Amino acid sequence: MRYRRPRGVNDITPAEVGRWQRAEEAYRSLCRAYRYEEIRTPSFEQTELFIRAVGEETDIVSKEMYTFEDRGGRSLTLRPEGTAPVVRAFLEDKLQGQDRERLVKLFYIAPIFRYDRPQAGRYRQHHQCGAEALGSSNPAVDAEIVSLAMSFYRTLGITQVTLLLNSVGCPVCRPQHLARLKAQVAERLGEMCEDCRRRYADNPLRLLDCKSPVCREITAGAPSAVEMLCEECGEHFTGVQAALQALEIPYTLEPRIVRGLDYYTKTAFEFVAPGLGAQDSIGGGGRYDGLVEQCGGPPTPAVGIGIGLERVLIAQEAAQKATGLEACATQRQGVLVVALGEEAWRPVLGLCQALRQAGHPAEVDYRRRSLRAQLSFADKERFRWAVIIGEEEAAADTVTLRDMASGEQETLPRGGLVSRLKRENEPC
RNA sequence: GUGGAUGUAGCUCAAUCGGCAGAGCACCGGACUGUGGCUCCGGUGGUUGUGGGUUCAAGUCCCAUCAUCCACCCCA
């Protein structure tokens, strides 16, 4: 009997893990530059947190959560999104301190769990690089978050990124907008497609996004969310655009951008990139001015983003293919200690240990193969050095050091190897 | 959740009408006894996703199931 991984989840194999680490490190160092601090929250929370924060009627809560009861009868849920846990920690760990006006800037890299139907770029466990800025209503903070994401994409070589921007209003103007939209459509609802009749009840903003000609005709002329914004939201939206222009970040106004989580207010944005098929969104976020208060804290305006790492890596690969840039050959590194015969084998383990303690990745071929085979192995595995110990070297307490790139060799006392390599520690 | 396509060696893929499961790459070895990359020669490697069914005979046909992919939906 063989086990297989559950549907929709992935192993990150040794062959891939380098790309993951490079992307994660790029994100961490960018966040440092933008002065965001890392926070790590648990993989699961009280179910109630997500229901309250994300919204009972959302797809995420109503059909995508991994919810279970622990042995104590508590209902827990695997993190289906990154913001709610951060807000919870912000309040519970009192991260704002005594300064009520303080801007708290946090980032995370964390697995996210959703019971979706898997397809390329959509998984039941994926990873998000997120950032949240809590405590400011300044539209420049929205732009800062956008700028952080843009820099991240650029660092990874993903250049064909489009920023889609919208404003979904606030508790004052959004209901008015929805009411007006539904009113316009109501009379002819019967003529609309099945999907749109469902949207009318579940997600009216999506009515504007239908491909059916009839539905298009019915919704034609309906006001977009932006046109219905109240004064405060309108001003904020103008401010965000001004800040983006100041940062020279191009964007496309896109009224269809609707975040699938109820807590969003005002700014909503999404980044799309080529090479991903239908799942082309490589990041999304927006403002959530009401969430902290809704979670039991003081009124605290906030804005955040989530970036899907799996999709970012797919987009990166597509971008590299498009530009004909092959991943550069991994550089030679480390030492293969080659032992030939019984006498030679004796000093090998100690030599290996000494090399490792001096910081050189060092390995022995435990298969005890021929010199030819071992050198071939050293080449394939991209070792920088081979240290050969045969009968001669064993008898004289020396080693032969071979540079695998040039083929040059020298013989030196066994005890002098570590200090000899110390001089050569720079990459070739 | 809805509709569709595809599952054969580590990888990429063949296999006519239902008739001996194959190639290239990779891997191991040799040519070259202690010197890698090139070349040539040889070799290892398979529960044809899984479970049933039809048949003298199933990779091939039928049913179920699992997985992946595509579109919808949704989202990162």
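Throughout, protein chains are lettered first and strands after them, A, B, ... in sequence-line order, and every chain is numbered starting at 1. Please read all numbers here as calculations on a predicted model, not as lab measurements.
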Handout entry: Same-atom distance (C1') from B:A23 to B:G37, integer angstrom
Key = 25 Å

Handout entry: Residues forming a side chain to side chain donor-acceptor pair (under 3.5 Å) with A:Arg114, sequence neighbours excluded
Key = none

Between N or O atoms, less than 3.5 Å apart, protein on one side and nucleotides 3-7 of chain B on the other: list the pairs.
residue	atom	partner	partner atom	Å
B:G3	O6	A:Arg117	NH2	2.9

Practice task
Under 4.0 Å between any heavy atoms, over every strand shown, what does A:Lys63 touch: base, sugar-phosphate, or nothing? Just pick one.
Solution key: nothing

Practice task
Tell me yes or no: between the side chains of A:Arg311 and A:Gln279, is some donor less than 3.5 Å from an acceptor?
Solution key: yes

Problem - Donor-acceptor pair between A:Glu144 and A:Tyr34 side chains, under 3.5 angstrom - result: no

Practice task
Answer yes or no: does a side-chain N or O of A:Gln374 lie under 4.0 Å from OP1 or OP2 of B:U35?
Solution key: no

Exercise for the section: Answer yes or no: does a side-chain N or O of A:Arg7 lie under 4.0 Å from OP1 or OP2 of B:U68? Expected result: yes

Problem - Short N-O contact, A:Glu363 and A:Arg356, less than 4.0 angstrom - result: yes

Practice task
Salt-bridge test for A:Arg332 and A:Asp379: reply yes if a basic N is under 4.0 Å from a carboxylate O, no otherwise.
Solution key: yes

Practice task
May I ask you to check whether A:Glu393 and A:Thr400 show a side-chain donor-acceptor distance below 3.5 Å?
Solution key: yes

Fill in the blank from the handout: A:Leu261 has its side chain closest, among B:G34, B:A76, B:C74, to B:A76

Handout entry: Proximal nucleotide (of B:C74, B:C28, B:U35) relative to the A:Arg367 side chain
Key = B:C28

Exercise for the section: Answer with yes or no whether the side chains of A:Arg79 and A:Thr41 bring together a donor and an acceptor at under 3.5 Å. Expected result: yes

Practice task
Look at the side-chain N and O atoms of A:Arg311 and state whether any lies under 4.0 Å from the OP1 or OP2 oxygen of B:C75.
Solution key: no

Completion exercise
For RNA chain B, consecutive-pair runs of 3 or more (Watson-Crick or G-U wobble, both H-bond-type distances under 3.5 Å) give B:1-7 with B:66-72, B:10-13 with B:22-25, B:27-31 with B:39-43, B:49-53 with B:61-65

Problem - Donor on one side chain, acceptor on other, A:Gln316 and A:Tyr153, under 3.5 Å - result: no

Practice task
Please state the P separation for the pair B:C69 and B:C61 - nearest whole angstrom.
Solution key: 24 Å

Exercise for the section: Would you tell me if any nitrogen or oxygen in the side chain of A:Arg372 comes within less than 4.0 Å of OP1 or OP2 on B:G29? Expected result: no

Exercise for the section: Say whether A:Glu16 and A:Thr13, considering side chains only, have a donor N or O and an acceptor N or O under 3.5 Å apart. Expected result: yes

